[in-house]
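Working notes for the structure below.
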2 protein chains.
Amino acid sequence: MSRRSRYSRAESLDRAMDLFWSRGYLGTSMKDLEEGLDMRPGSIYAAFGSKEQLFLDALEWYATGMQEEIATLMGDRPLAEGLAAYFQALAKGTASIGVGRACLIVRSLLEAAETQPVIVQRAEAFLSQAESGFKELLEAASARGEIPPDIDGPRLARYLQSQIMGLRVILQRPGLSPVARLALADDMLAGFLAVVGKPGDT
Amino acid sequence: MSRRSRYSRAESLDRAMDLFWSRGYLGTSMKDLEEGLDMRPGSIYAAFGSKEQLFLDALEWYATGMQEEIATLMGDRPLAEGLAAYFQALAKGTASIGVGRACLIVRSLLEAAETQPVIVQRAEAFLSQAESGFKELLEAASARGEIPPDIDGPRLARYLQSQIMGLRVILQRPGLSPVARLALADDMLAGFLAVVGKPGDT
DNA sequence: TCTTAACTTGAATGATCGCTCAACAACAGG
DNA sequence: CCTGTTGTTGAGCGATCATTCAAGTTAAGA
């Protein structure tokens with residue numbers, strides 16, 4: 001051993017995630033990263049290997065954080081209550097990170113769609129992982145008797161995830177009033193609960 | 001007058017739209033455009049002014065085409081029938097253009113979000129225009145007695161649009177089976193109709 | 001047929017892209 | 001206090017970026 005690194009990996013990933021989230025993969029230059037991470041190119045390459053690898057690491061960082069946030073907000077409480085809390089947090093921009101921004105995974109999936117297969121593959125994997133998380137939440141609610149016992153977990157999870165992704169995309173629109181945001185979140189939740197087989201909330 | 005242009009504006013916009021749709025704004029280089037449009041840089045700049053202006057023109061071209069497609073598929077028939085046709089066309093990739101691609105307007109909104117204000121502003125305007133189209137379809141259905149007379153048109157239109165955008169985003173996922181696609185479209189439609197106040201379809 | 005305005009061409013521009021690496025700096029073990 | 005190893009630095013690499021413009025080409029009107 002001989003010299004300790006100046007940089008914390010967690011802090012670097014936080015900052016890189018924020019940059020990529022705000023400007024996209026192609027829209028974020030190494031110069032932006034050098035400034036945002038306060039690192040010189042050599043240190044960035046020593047720590048992460050390439051811009052693409054740094055992006056993939058930041059994407060994983062994001063996916064982990066998002067799953068933790070959802071678990072915190074929705075875990076161990078009735079499904080409808082947890083969902084309402086989450087949808088309203090999204091609509092109000094109360095969610096801990098990325099206020100008013102669409103999901104970074106979705107953003108990346110769209111940006112990389114037909115040109116960056118490696119990124120598409122990872123984004124797809126993270127989406128499928130998040131879908132599993134929703135599936136487990138739904139099946140737990142089903143076991144608790146909150147929703148019918150014969151639900152199709154994966155199918156409903158996919159539907160729920162699509163609703164959330166759509167909501168977050170539309171919430172990115174600059175010209176949308178706070179009232180409209182909340183109404184949209186309410187409608188989304190109502191639609192989902194209706195399909196699940198539960199007429200209203202609470 | 002002295003010399004006629006070799007190029008058709010409609011054909012150029014078709015090709016530019018396809019390129020931007022497939023590779024994004026930043027991901028499409030002038031070299032890509034030169035090849036795709038079969039035009040030399042001077043001709044592109046003479047016809048469109050700049051890469052950004054060409055993109056904005058292509059985006060408008062897309063928005064117009066999309067609205068025409070929706071009007072064709074949903075006009076002059078019961079709302080639930082038209083919606084079912086549209087959702088299924090999306091799920092099956094039967095829609096005339098951009099099979100398996102998310103909405104170009106949404107893609108552009110996300111890509112440009114915090115870095116290209118001009119593009120964001122135009123994308124927002126096209127989204128709001130499309131929303132108005134949905135609002136009129138809903139109000140017409142309401143006048144025909146298909147859905148309750150006291151609906152909140154703009155609110156429901158926003159909800160419908162969010163569902164469609166979310167659906168199209170998720171349909172972009174490569175690892176999604178045809179069966180899952182159709183099920184998702186069904187659930188989306190069922191959720192929307194439930195919120196509108198109509199229990200089933202047909 | 002000649003003129004001339006409009007259109008096309010493609011080499012060249014300066015800027016910026018992601019990335020490399022030789023030189024330098026820091027610090028634990030001896 | 002040296003020595004050896006690892007981390008940091010930043011000038012500079014070749015490639016590519018969007019864009020320009022002088023020169024060449026086309027065809028309608030005289």
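Every heavy atom of this structure was used, including side-chain atoms; hydrogens, water molecules and symmetry mates were not. Everything numeric in this text was worked out from a predicted model, so none of it was measured. Chain A is the first sequence line, chain B the second, and so forth, proteins listed ahead of strands; every chain is numbered from 1.
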Under 3.5 Å, N/O pairs linking protein and nucleotides 13-15 of chain D:
none

From [atom1] of [X] over to [atom2] of [N], roughly how many Å is that when rounded to an integer?
| X | N | atom1 | atom2 | result |
| --- | --- | --- | --- | --- |
| B/Arg40 | D/dA18 | CZ | P | 16 Å |
| B/Met39 | C/dA6 | CE | C1' | 14 Å |
| A/Glu35 | D/dG10 | CD | P | 14 Å |
| A/Leu37 | D/dT9 | CG | P | 12 Å |
| B/Leu33 | D/dT16 | CG | P | 17 Å |
| B/Ile44 | C/dG10 | CD1 | C1' | 12 Å |
| B/Arg4 | D/dA27 | CZ | P | 9 Å |

Is any side-chain N or O of B/Ser5 closer than 4.0 Å to OP1 or OP2 of C/dA6?
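No.
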So, is B/Arg6 close to the D/dT25 phosphate, meaning a side-chain N or O under 4.0 Å from OP1 or OP2?
no
Not counting sequence neighbours, which residues clear ring pair (Phe, Tyr, Trp, His ring centres under 6.0 Å) with A/Phe126? List them please.
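A/Phe126: no ring pair (Phe, Tyr, Trp, His ring centres under 6.0 Å) contacts found.
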Counterpart residues, salt bridge (charged side-chain N to carboxylate O under 4.0 Å, His left out), relative to B/Asp32 (two or more places apart):
B/Arg23
So A/Phe20 and A/Phe55, would you call those rings parallel, tilted or perpendicular, with 30° and 60° as cut-offs?
perpendicular
Could you run down nucleotides 14-21 of chain C 5' to 3' and tag each one B, S or - for protein heavy-atom contact under 4.0 Å?
---SSBBB
For nucleotides 23-25 of chain C, print each protein N/O atom paired with a nucleotide N/O atom at under 3.5 Å, atom names and distance only.
| residue | atom | partner | partner atom | Å |
| --- | --- | --- | --- | --- |
| C/dA25 | N3 | A/Arg3 | NH1 | 2.9 |

Is the Lys NZ or Arg CZ of A/Lys51 less than 6.0 Å from the centre of A/Tyr25's six-membered ring, within 45° of the axis?
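Yes.
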Can you confirm whether [X] sits close enough to [Y] that some side-chain heavy atom of one is under 4.5 Å from a side-chain heavy atom of the other?
| X | Y | value |
| --- | --- | --- |
| B/Asp18 | B/Arg101 | yes |
| A/Arg15 | A/Asp38 | yes |
| B/Ile70 | B/Met66 | yes |

Near B/Arg144 CZ, under 6.0 Å, is it more than 12 heavy atoms from other residues, nucleotides or ligands?
yes
Got a sec: does the CD of A/Glu35 have more than 12 other heavy atoms crowding it under 6.0 Å?
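Check fails, neighbour count at 12 or below.
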According to side chain to side chain donor-acceptor pair (under 3.5 Å), who are the partners of A/Gln67, at least two apart in sequence or on a separate chain?
A/Gln129
Taking B/Glu131's backbone N and O only, do any of them form a donor-acceptor pair with B/Arg158's side chain (distance below 3.5 Å, no angle check)?
no
